[in-house]
Amino acid sequence: VLDLYSLVLAEDAIWMVQELAERSLADVIAWKDGGVDLNESRMSRIMGDLLEALQFLHGKGVIHRDVRSDNVMISSTGVCKLSDFTHAAELSAGVSSRHSVVGTPYWMAPEVIKANDYDVRCDVWSLGVVLWEMIEGDPPRVEFPPLRAITLTAKLGLPALREASSLSHELKSFLHWATEMDAEKRPSAETLAMSDFLADPCSRASIVAMLEEARNAEAEAAKQEEAAQQGGKDAVGGGHGTSASLRQRQSWSSDSTTKG
């Protein structure tokens with residue numbers, strides 16, 4: 001998880017000094033169609049890092065409850081770390097489950113949406129959604145309003161992948177296990193970490209290269225947007241370049257999450 005260096009108490013606030021990351025996974029996915037190669041070996045490395053984080057949290061009885069690409073930070077050395085514990089909750093011998101509807105709609109597990117009792121395996125579902133998001137470029141059913149999206153997810157699970165035939169059996173199996181509708185049958189983070197999909201991840205250097213690809217795609221889009229704006233001075237609609245602002249995928253802040 002993202003390192004916490006210190007806390008500073010002010011009169012009306014608490015300031016947290018944390019590790020500085022290069023960018024979020026959401027900021028990488030945003031440029032998937034602009035030159036970022038999110039291949040399976042890179043996805044494997046990212047999933048492996050996040051499962052390690054979940055095993056650490058779950059081993060201490062902590063549920064994150066808001067696992068999503070915006071909360072996955074990537075360091076300059078190519079390590080993916082989980083951040084933002086705004087909605088985290090602690091389980092104990094006396095409280096082995098929760099039932100509050102908490103999280104960000106598109107990543108929420110069915111049992112959380114339904115306000116059923118749930119445990120740490122709701123984070124495993126959200127992890128699976130992050131993988132789905134890396135494959136497709138957006139979270140599932142993002143074209144629907146949040147309430148409609150979670151209603152469909154609670155009833156039907158995740159939608160089918162558009163080009164499933166191009167993906168490996170190992171990846172599809174991992175995704176299937178992580179997003180098992182029945183939480184009782186869904187594997188723990190520890191069990192999922194033994195998946196064959198994680199057997200051959202890319203190197204850290206490849207993740208660092210992925211960050212560079214995202215920076216280059218962002219810079220190129222900014223140049224095209226600037227050129228389009230210059231052309232617009234001479235003719236309305238004169239620029240048809242890719243707009244950097246349009247290429248940026250919507251980000252969901254903690255203010256847009258559901259608080260139980």
Side-chain angles (χ1 to χ4, degrees), residues 1-8 15-57 64 66-88 104 106-107 123 126-139 142 189 193 198 200-226 242-257:
V1 297
L2 205 64
D3 287 339
L4 175 64
Y5 296 138
S6 65
L7 290 174
V8 180
W15 293 89
M16 303 172 66
V17 182
Q18 291 185 288
E19 173 185 4
L20 179 63
E22 181 74 20
R23 63 176 56 212
S24 73
L25 179 58
D27 292 332
V28 172
I29 296 174
W31 301 104
K32 188 170 186 275
D33 295 330
V36 172
D37 181 15
L38 259 175
N39 56 53
E40 288 198 20
S41 64
R42 286 176 171 176
M43 293 182 196
S44 174
R45 172 63 71 181
I46 293 167
M47 287 290 105
D49 283 353
L50 295 180
L51 278 170
E52 186 176 340
L54 289 182
Q55 287 180 79
F56 173 75
L57 292 176
H64 188 280
D66 200 17
V67 176
R68 52 191 168 104
S69 60
D70 301 272
N71 289 339
V72 176
M73 300 293 125
I74 308 176
S75 73
S76 58
T77 57
V79 180
C80 300
K81 299 190 175 188
L82 200 53
S83 66
D84 193 346
F85 293 84
T86 304
H87 301 311
T104 308
Y106 302 100
W107 290 266
D123 287 340
S126 300
L127 179 78
V129 177
V130 172
L131 178 58
W132 196 100
E133 181 184 4
M134 285 194 287
I135 296 167
E136 297 289 359
D138 276 306
V142 72
L198 306 180
D200 190 24
C202 72
S203 65
R204 296 289 177 198
S206 181
I207 298 297
V208 173
M210 181 184 72
L211 293 173
E212 182 64 22
E213 291 166 9
R215 284 193 295 270
N216 290 340
E218 191 172 38
E220 180 60 28
K223 287 180 182 178
Q224 292 183 17
E225 184 176 41
E226 183 178 358
T242 302
S243 167
S245 59
L246 291 177
R247 289 299 299 271
Q248 288 285 3
R249 198 210 62 165
Q250 181 182 357
S251 178
W252 286 265
S253 69
S254 291
D255 289 338
S256 65
T257 60

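Note: hydrogens, waters and symmetry copies are ignored here, and every other heavy atom, side chains too, is used.
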Name all pairs fulfilling the salt bridge (charged side-chain N to carboxylate O under 4.0 Å, His left out) condition that reach into residues 202-212, sequence neighbours left out, sorted by first residue then second. D49-R204, E212-R215

For I135, is there any backbone N or O sitting under 3.5 Å from a side-chain donor or acceptor partner on K32? yes

Between E213 (side chain only) and D37 (backbone N and O only), is there a donor and an acceptor less than 3.5 Å apart? yes

Can you confirm whether V130 sits close enough to M47 that some side-chain heavy atom of one is under 4.5 Å from a side-chain heavy atom of the other? yes

Nearest atoms (heavy-atom pairs only) where W132 meets P139: CZ3-C, 3.7 Å

Can you tell me if Q18 has over 12 outside heavy atoms packed within less than 6.0 Å of its CD? yes

To the nearest 0.5 Å, what is the distance between CZ (R42) and OG (S203)? 8.5 Å

Between NZ on residue K81 and CG on residue D3, distance to nearest 0.5 Å: 4.0 Å

Show the nearest heavy-atom pair for residues L2 and M73, with the distance to one decimal. CD1-CB, 4.1 Å

I29 to S69 - nearest heavy-atom pair and separation: CD1-CB, 4.0 Å

Rounded to the nearest 0.5 Å, what separation is found between the CG atom of N71 and the CG atom of L50? 10.5 Å

Nearest 0.5 Å, please: how far is CD1 in I46 from OG in S41? 9.5 Å

Shortest non-hydrogen pair, L211 vs S76, comes out as CD1-CA, 4.5 Å

Go through the steps for R45 and C80 under the test side-chain contact (heavy atoms from CB on, under 4.5 Å), then give the verdict. CA-CA 8 Å; R45 172 63 71 181; C80 300; 5.8 Å; no

Which atoms form the tightest heavy-atom contact between W107 and E133, and what is the distance? NE1-OE1, 3.1 Å

Let me confirm one number: the CH2-CG distance from W31 to N216, rounded to the nearest 0.5 Å. 11.5 Å

Spacing of L131 atom CG and S44 atom OG [to the nearest 0.5 Å]: 9.5 Å

Using side-chain contact (heavy atoms from CB on, under 4.5 Å), reason through F85 and V1 one step at a time and then give a plain yes or no. CA-CA 10 Å; F85 293 84; V1 297; 3.8 Å; yes

Hey, are the side chains of L25 and M134 touching, using non-hydrogen atoms and a 4.5 Å cut-off? yes

Run the side chain to side chain contact (heavy atoms under 4.5 Å, CB included) test against D200 and tell me which residues pass, sequence neighbours left out. none

How about CD on E52, more than 12 heavy atoms from neighbouring residues, nucleotides or ligands closer than 6.0 Å, or not? no

More than 12 foreign heavy atoms under 6.0 Å from CG of L20: is that the case here? no

S126-D123 side chain donor-acceptor pair, cut-off 3.5 Å: no

If you compare all heavy atoms of I74 against all heavy atoms of M210, which two are closest, and at what distance to 0.1 Å? CD1-CE, 3.9 Å

Chi angles and distances behind the side-chain hydrogen bond (donor to acceptor under 3.5 Å, both in side chains) call for T104, D66: CA-CA 6 Å; T104 308; D66 200 17; 2.6 Å; yes

